[in-house]
Every structure is written in C-alpha cells, then in structure tokens.
Amino acid sequence: MTVRVRFAPSPTGYLHIGGARTALYNYLYAKAIGGTFILRIEDTDLERSQAEYERLQIDDLKWLGIHHDEGPDKPNPKYAPYRQSERSEIYQKYAQTLIEKDLAYYDFCTEEELEAMKAKAEAEGRDPHYEGKWKEPQFKAEALERVKKGEKAAIRFRAYKKSYTLNDKVKGHVTYPEGMVGDFVIVRSNGLPVYNYCCVIDDMLMDITHVIRGEDHLNNTVRQLMIYEALGAKLPEFAHVSLLIGHDRQKLSKRHGATSVNLYRNEHYLPEAMCNYLCLLGWSHPEEKDIFDKTDLFKVFSLDRFSAHAAMYDLEKLKWVNGEHVKKMPVSDLIELIEKEPESEFFKKQSAEWKNSCVGLLTKYAQFVTDFPKLVNELILKEKPEMTEPLKEIMSWETTPKIVSFISAEVEKASSEFVTEAELNTWMDHVKKEMGVKGKPLFQGVRAALTGHDHGPDLKFLIPLTPVTVLKKRVEHLKG
RNA sequence: GCUCCCAUCGUCUAGCCCGGUCUAGGACAUCGCCUUUUCACGGCGGUAACAGGGGUUCGAAUCCCCUUGGGAGUACCA
C-alpha cells in the first residue's frame with residue numbers, strides 16, 4: 001500500500017511558518033518513501049475562510065518548493081473534490097449513517113442552554129460534558145420529526161465511554177482516559193461539518209496513511225479516534241510534531257512578528273534556506289548536518305528523528321542558514337538573482353568578468369541576495385563616505401596627506417574606466433619605495449584615499465571593481 | 001480547574017528506545033587567540049547544559065516514581 005500524506009491548511013490567513021514546516025515534513029516524507037502528497041483545503045469555517053488566502057498559500061508553498069501531487073488544482077477523480085466546502089454531501093451522508101446507528105443524534109439546544117449546562121457542571125465540579133435531553137433515546141423520534149419539518153439542529157457524536165491509546169510516531173504511547181471528552185458536535189446547526197469530523201471522513205476517503213501535523217491536535221485526536229471506530233475505518237499512523245514557539249516560549253503567532261512565509265519571501269530569503277532551517281526545528285539530520293538541500297533530504301528523511309519538545313524560532317540562525325545557502329549557490333545563479341534586485345542597475349551594466357569577480361569578493365560578506373546591491377552601493381559606488389572617527393585618526397597621521405595627494409594625481413591621470421590590479425600595485429610600490437611608507441600607514445593610507453573607509457574587503461580586489469570616476473570623487477571629497 | 005504532552009549549553013540539537021565507550025558531541029550566538037606589511041576573509045580555542053528529589057542497578061543523561069517548571073487542549077475554530 002502506497003503512502004499518502006496530506007497538508008490541510010485553512011485559508012484564513014497567509015501561510016504561517018509553522019504551517020510551512022508541517023507541509024514540508026509531509027512533503028519530505030512522501031518524497032523519501034515514494035508516496036503521494038495531497039493538499040486539502042479545510043474551509044469549513046465560512047466566516048474566516050477566504051478563497052484569496054487559498055491562492056496565496058498555494059503560491060507560498062510553490063515558492064518554498066513544496067509541490068503537491070494532488071489538490072484542488074490537481075484533482076485525482078478518485079478522491080476529488082479537495083475543498084471541504086465542496087464535500088458537504090459526503091459529510092451529510094456519513095452523519096446520517098451515524099444517526100441511524102445511534103452513534104450520533106440531533107441536538108436542538110440553544111447556545112444559552114448549552115452555556116447554562118456548562119456553568120452548572122463547572123459549579124458542581126463535574127467535567128462540562130453535554131447532558132442535554134436529546135442524547136436520550138426516547139427523544140429520537142421527536143428529533144427526527146422536527147428535522148423533517150425543517151427545523152435546524154446540530155448533530156452530536158455519542159462519545160464512547162472508554163479510554164484510548166494512540167501510538168504516536170513522535171510522542172510514543174499517548175493515553176486518553178475515559179471521559180476525557182463528552183458528546184461533541186460533528187455537524188453544526190447551519191449544516192456545516194466541524195473539523196474533527198470532516199478531517200476523519202476525508203482522511204479515510206482519501207486513503208491517508210500517515211497524519212503528520214502539529215501537536216496542538218494531539219488532544220483532539222481522541223475525538224478522531226472515536227469517529228474512526230464508529231466508521232469502522234482503518235487508523236492511519238499519527239505523528240504529532242512539536243510546536244514552534246517564540247522567545248516567550250508561547251506558541252508562535254502573529255504577535256511574535258514575522259511569522260508568515262510571504263514576509264520572508266518579500267525580503268528575498270532563499271526558499272532552500274527557509275526549508276533547511278524549518279526542517280531543522282524539531283528534526284535532526286542522521287549525520288548531524290546543519291546545511292542541506294531537498295535532494296539530500298529525499299534520501300534521509302524519516303519520521304523517527306523528531307524531537308518531542310517545542311522548538312524556539314530563532315531568526316539569527318535562519319539568517320546564518322540563509323548565508324550558507326548564498327555561499328553554496330553557483331555564481332551564475334547568484335548573478336541572475338542579484339540582477340532581479342532593485343538598485344542593481346550598475347551591477348547589470350558591467351561585464352561578465354566584473355560580475356564574477358564582484359560576486360566572488362562580496363559573497364563572504366553577504367548573508368542575503370539583497371546584500372549584494374547594498375554592498376555594491378556602499379563599497380563600490382559611494383562617492384562621499386562619512387568622516388568617521390577611525391578615518392579621522394588615519395588622516396591625522398603625517399604620511400596620509402602625502403599619500404592622498406599622490407593618489408589623487410595618479411587617479412586624475414587614469415584614462416580607463418577601471419584601474420587594474422597592476423596599476424594599484426605600482427601606486428603602492430611608489431608610496432612604499434619613494435615615500436618610505438610601509439605597513440599599517442601604507443595600507444590604511446591608501447585605503448582611506450581610495451575608499452574613504454578604514455576597513456573593508458581586500459584592496460587589490462576591491463579597487464579594480466571601482467569605477468575611476470568614483471575614485472576621483474572620493475579623493476576630492478577627502479581633500480576638501 | 002480538569003486532561004494530555006514535554007524537560008540536555010542563552011538558542012537549535014546529538015546521545016535516551018537497546019544503562020557503562022559521556023570528565024555529555026555538533027551548530028547558531030558570544031568571548032579570546034593566530035594568520036594577515038592594512039582591513040577583512042579564514043583558522044584555532046574558551047565560556048556554557050543532563051530542572052530538583054527519590055528509587056532500580058556494581059554502574060543512570062539514558063529505566064521507574066514524585067515535585068517543580070513549561071506548553072497544548074478543554075468550542076456549533078481549525
């Protein structure tokens with residue numbers, strides 16, 4: 001039997017970091033084992049669901065390189081449709097069967113009655129389980145009659161009075177004691193089914209073999225276990241992955257800042273880096289690697305390397321992972337990405353040789369693709385760098401003004417667009433031999449004259465990348 | 001409140017299932033050193049953890065119990 005896994009988001013907002021991680025785990029498992037990855041849309045909460053979010057989430061998934069084999073846009077006739085809002089008849093049909101078998105019943109209680117019941121139970125120290133009259137068999141005929149007349153009623157599942165044990169792939173044996181949940185609603189009075197119910201119907205009908213999802217569903221699983229039992233359906237394997245938490249150790253949510261994938265996408269993080277980092281939160285590589293790509297994961301991903309405790313989302317490490325992926329990327333790919341960045345007009349106009357050399361030099365300093373245009377602007381194109389304290393210090397040395405006027409004259413003489421490394425060496429040699437300056441005053445002086453900075457990348461690579469026109473302006477600026 | 005889950009460096013984690021090889025390994029961050037005629041890059045190294053208490057055992061990070069702490073769920077949300 002082939003493995004079938006699913007990611008089932010609710011289109012109530014942007015794709016969340018945590019959702020992306022869950023989707024990734026499902027996707028990786030399917031790929032690693034030769035299974036099928038299904039995307040199902042859980043839009044039964046009509047008030048909060050929006051079609052636009054479905055599109056946006058699928059788009060973010062695509063960006064991350066998490067591609068589904070089946071879904072609303074790629075239906076397999078055997079399992080379609082993939083939106084819960086389009087599966088109402090199916091849920092209704094099964095609900096009817098459950099009622100016929102007395103495994104569920106209609107409930108006409110109003111919200112107020114329910115709340116009163118709950119308050120009373122709490123006051124008496126009992127679990128707030130449903131104790132309305134409609135669960136009694138003698139009211140079944142009346143209920144059926146009222147429904148036939150068109151009266152609205154919720155459908156409630158008759159919870160089994162027994163304990164359950166789940167053998168979870170991450171948590172091990174989880175025991176749900178008897179009476180943990182009371183009779184719960186599976187279909188709302190407006191006719192729409194509820195998550196814990198349609199989730200089971202769909203997983204059953206879609207032949208889902210492994211349910212990989214967040215730990216926030218762990219307690220709910222007992223309800224689902226009951227429905228599986230009532231339906232006589234085969235249980236899938238469950239893997240409840242630990243939650244992602246923020247710096248306050250609370251479940252990661254909007255108030256923790258950037259938690260939606262599109263934000264990182266907008267900031268031009270590399271999708272491979274996002275996947276790499278997300279995968280690392282709660283899962284470990286068998287060889288203890290920190291940096292890897294999907295091709296590697298397809299070979300080694302398995303469900304037995306999850307950690308059971310929550311993982312704190314740490315932007316610092318994400319940034320580092322992104323930097324590692326930037327460094328790993330082929331130069332030609334990197335150039336292509338840099339050219340898509342805003343403010344890279346100058347970069348685009350340069351020769352292939354210049355670009356290669358530039359990327360080769362700046363990669364060490366860049367953690368993001370967006371850093372390249374910034375570094376080019378700062379290190380190569382800036383004509384009037386600020387007079388910083390360390391720079392003032394260098395200017396105060398008695399040798400520096402002499403170096404500056406020498407360099408100034410040389411730069412004025414230069415006729416080509418760029419200075420070559422050989423030319424730069426000649427200048428350095430001159431300062432060294434004719435002016436008798438060496439060591440720190442030599443290098444720092446030349447650096448100050450040509451870059452207007454006290455630090456930065458190696459001069460012999462940096463200066464040949466800098467237009468002579470810029471060099472001229474810098475020396476002028478420094479002298480003035 | 002009740003129920004469930006969890007507990008190794010500041011953070012992500014390896015080790016735990018199958019006790020000894022763990023004076024607990026790696027990574028991020030942090031600090032220091034080296035190299036570099038400058039500045040970097042880089043290299044090397046340091047600080048830093050088995051929540052606490054009981055058992056079991058010749059021996060426990062690893063098995064059991066309790067305490068504490070954290071998280072989640074407890075909806076006609078998903």
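Every chain is numbered from 1, with letters handed out A, B, ... down the list of sequences.
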Quiz item: Counting side-chain heavy atoms from CB outward, which of B/A27, B/A78, B/U38 is closest to A/Y195?
Solution: B/A78
Practice problem: May I ask you to say what A/H247 touches in the nucleic acid, namely base, sugar-phosphate or nothing, with a heavy-atom cut-off under 4.0 Å? | Solution: nothing
Quiz item: Taking only N and O in the side chain of A/Q444, is any of them less than 4.0 Å away from OP1 or OP2 of B/C39?
Solution: no
Exercise. Mind checking A/S242 for me? I need base, sugar-phosphate or nothing, with any heavy atom below 4.0 Å counting as a touch.
Key: nothing
Quiz item: Between A/Y164 and A/K162, is there a cation-pi geometry (under 6.0 Å to ring centre, at most 45° from the normal)?
Solution: yes
Quiz item: Relative to the ring of A/Y228, is the ring of A/F238 parallel (under 30°), tilted (30 to 60°) or perpendicular (over 60°)?
Solution: perpendicular
Quiz item: Reckon A/A154 touches a base, only the sugar-phosphate, or nothing at all at heavy-atom distances under 4.0 Å?
Solution: base
Practice problem: Examine B/U74: is either OP1 or OP2 under 4.0 Å from a nitrogen or oxygen in the side chain of A/K118? Give yes or no. | Solution: no
Quiz item: Under 4.0 angstrom, heavy atoms only, what part of the nucleic acid is A/G282 near: base, sugar-phosphate, or nothing?
Solution: sugar-phosphate
Self-check item: Proximity to the side chain of A/K251 - top-ranked nucleotide from B/C76, B/A29, B/G73
Solution: B/G73
Quiz item: A/K438 side chain: which of B/G71, B/C39, B/U37 is closest?
Solution: B/U37
Quiz prompt | Under-4.0 Å side-chain N/O to phosphate OP1/OP2 contact, A/S10 with B/C77 | solution = no
Quiz prompt | Length of the line joining A/Y197:OH and B/A78:C1', which is rounded to integer Å | solution = 17 Å
Quiz item: A/H285 versus A/V300: any side-chain heavy-atom pair under 4.5 Å?
Solution: yes
Self-check item: Complementary nucleotide for B/G42 - Watson-Crick or wobble, under 3.5 Å
Solution: B/C34
Quiz item: Looking at B/A78, does its base get a donor-acceptor pair with the side chain of A/N220 below 3.5 Å?
Solution: yes
Quiz prompt | Strand partner of B/A14, provided both Watson-Crick or wobble distances fall under 3.5 Å | solution = none
Quiz item: If you pin A/G439 and A/P9 to their nearest nucleotides in RNA chain B, which one's is more 5'?
Solution: A/G439
Self-check item: Under 3.5 Å donor-acceptor, A/D293 side chain and A/D296 backbone
Solution: yes
Quiz item: When we call it a touch if two heavy atoms are under 4.0 Å apart, what does A/S189 touch: a base, just sugar-phosphate, or nothing?
Solution: base
Self-check item: Toward the 5' end of RNA chain B, by each residue's nearest nucleotide, A/D183 or A/V174
Solution: A/V174
Self-check item: Short side-chain N/O contact to B/G15 OP1/OP2 from A/R305, under 4.0 Å
Solution: yes
Self-check item: Touch class at under 4.0 angstrom, heavy-atom based, for A/R249 against every strand present
Solution: sugar-phosphate
Quiz item: Using a cut-off of 4.0 Å on non-hydrogen atoms, how would the nucleic acid contact of A/R213 be classed: base, sugar-phosphate, or nothing?
Solution: nothing
Quiz item: Between A/Y25 and A/F301, what is the ring plane arrangement, given parallel below 30°, perpendicular above 60°, and tilted in between?
Solution: parallel
Quiz item: At under 4.0 Å between heavy atoms, what does A/L459 touch on the DNA or RNA strands: base, sugar-phosphate, or nothing?
Solution: nothing
Self-check item: Short side-chain N/O contact from A/S284 to OP1 or OP2 of B/U13, under 4.0 Å
Solution: no
Quiz prompt | Main-chain N/O of A/T420 paired with A/E423 side-chain donor or acceptor, under 3.5 Å | solution = yes
Practice problem: Check whether the side chain of A/K317 and the base of B/A29 form a donor-acceptor pair under 3.5 Å. | Solution: no
Exercise. Would you classify A/C109 as touching base, sugar-phosphate or nothing, given that sugar-phosphate means primed atoms plus P, OP1 and OP2, and contacts are heavy atoms under 4.0 Å?
Key: base
Exercise. Select base, sugar-phosphate, or nothing to describe what A/T12 touches, counting heavy atoms under 4.0 Å on all strands.
Key: nothing
Exercise. Name the nucleic acid region contacted by A/E122, choosing base, sugar-phosphate or nothing; use a 4.0 angstrom heavy-atom cut-off, strictly under.
Key: nothing
Exercise. Return the nucleotide paired to B/A7: Watson-Crick means purine N1 to pyrimidine N3 with N6-O4 or O6-N4, wobble means G-U with N1-O2 and O6-N3, both under 3.5 Å.
Key: B/U68
Quiz item: Using a cut-off of 4.0 Å on non-hydrogen atoms, how would the nucleic acid contact of A/K460 be classed: base, sugar-phosphate, or nothing?
Solution: nothing
Quiz item: Roughly, in whole Å, what's the span from NE2 in A/H455 to P in B/C39?
Solution: 11 Å
Exercise. Give a yes or no answer on whether the side chain of A/E151 reaches the backbone of A/A143 with a donor-acceptor pair at less than 3.5 Å.
Key: no
Practice problem: Kindly point out which of B/A29, B/U38, B/G73 is positioned nearest to the side chain of A/D216? | Solution: B/G73
Quiz item: Under 3.5 Å, is there a donor-acceptor pair between the side chain of A/W283 and the main chain of A/S302?
Solution: yes
Self-check item: A/L243 side chain, from C-beta outward: closest of B/A78, B/G71, B/C4
Solution: B/G71
Quiz item: At under 4.0 Å between heavy atoms, what does A/E288 touch on the DNA or RNA strands: base, sugar-phosphate, or nothing?
Solution: base
Exercise. Measure from CD1 on A/I291 to C1' on B/A27 and round the result to the nearest Å.
Key: 9 Å
Exercise. Counting Watson-Crick and G-U wobble pairs only, both distances under 3.5 Å, name the nucleotide matched with B/U47, or none.
Key: none
Practice problem: Name the nucleic acid region contacted by A/K432, choosing base, sugar-phosphate or nothing; use a 4.0 angstrom heavy-atom cut-off, strictly under. | Solution: base
Quiz item: When you measure from the side chain of A/V194, which nucleotide among B/C39, B/A72, B/C76 comes out closest?
Solution: B/C76
Quiz item: Under 4.0 Å between a side-chain N or O of A/H285 and OP1 or OP2 of B/G26?
Solution: no
Quiz item: Given that both distances must come in under 3.5 Å, which nucleotide forms a Watson-Crick or G-U wobble pair with B/G1?
Solution: B/U74
Exercise. Examine B/A78: is either OP1 or OP2 under 4.0 Å from a nitrogen or oxygen in the side chain of A/R188? Give yes or no.
Key: yes
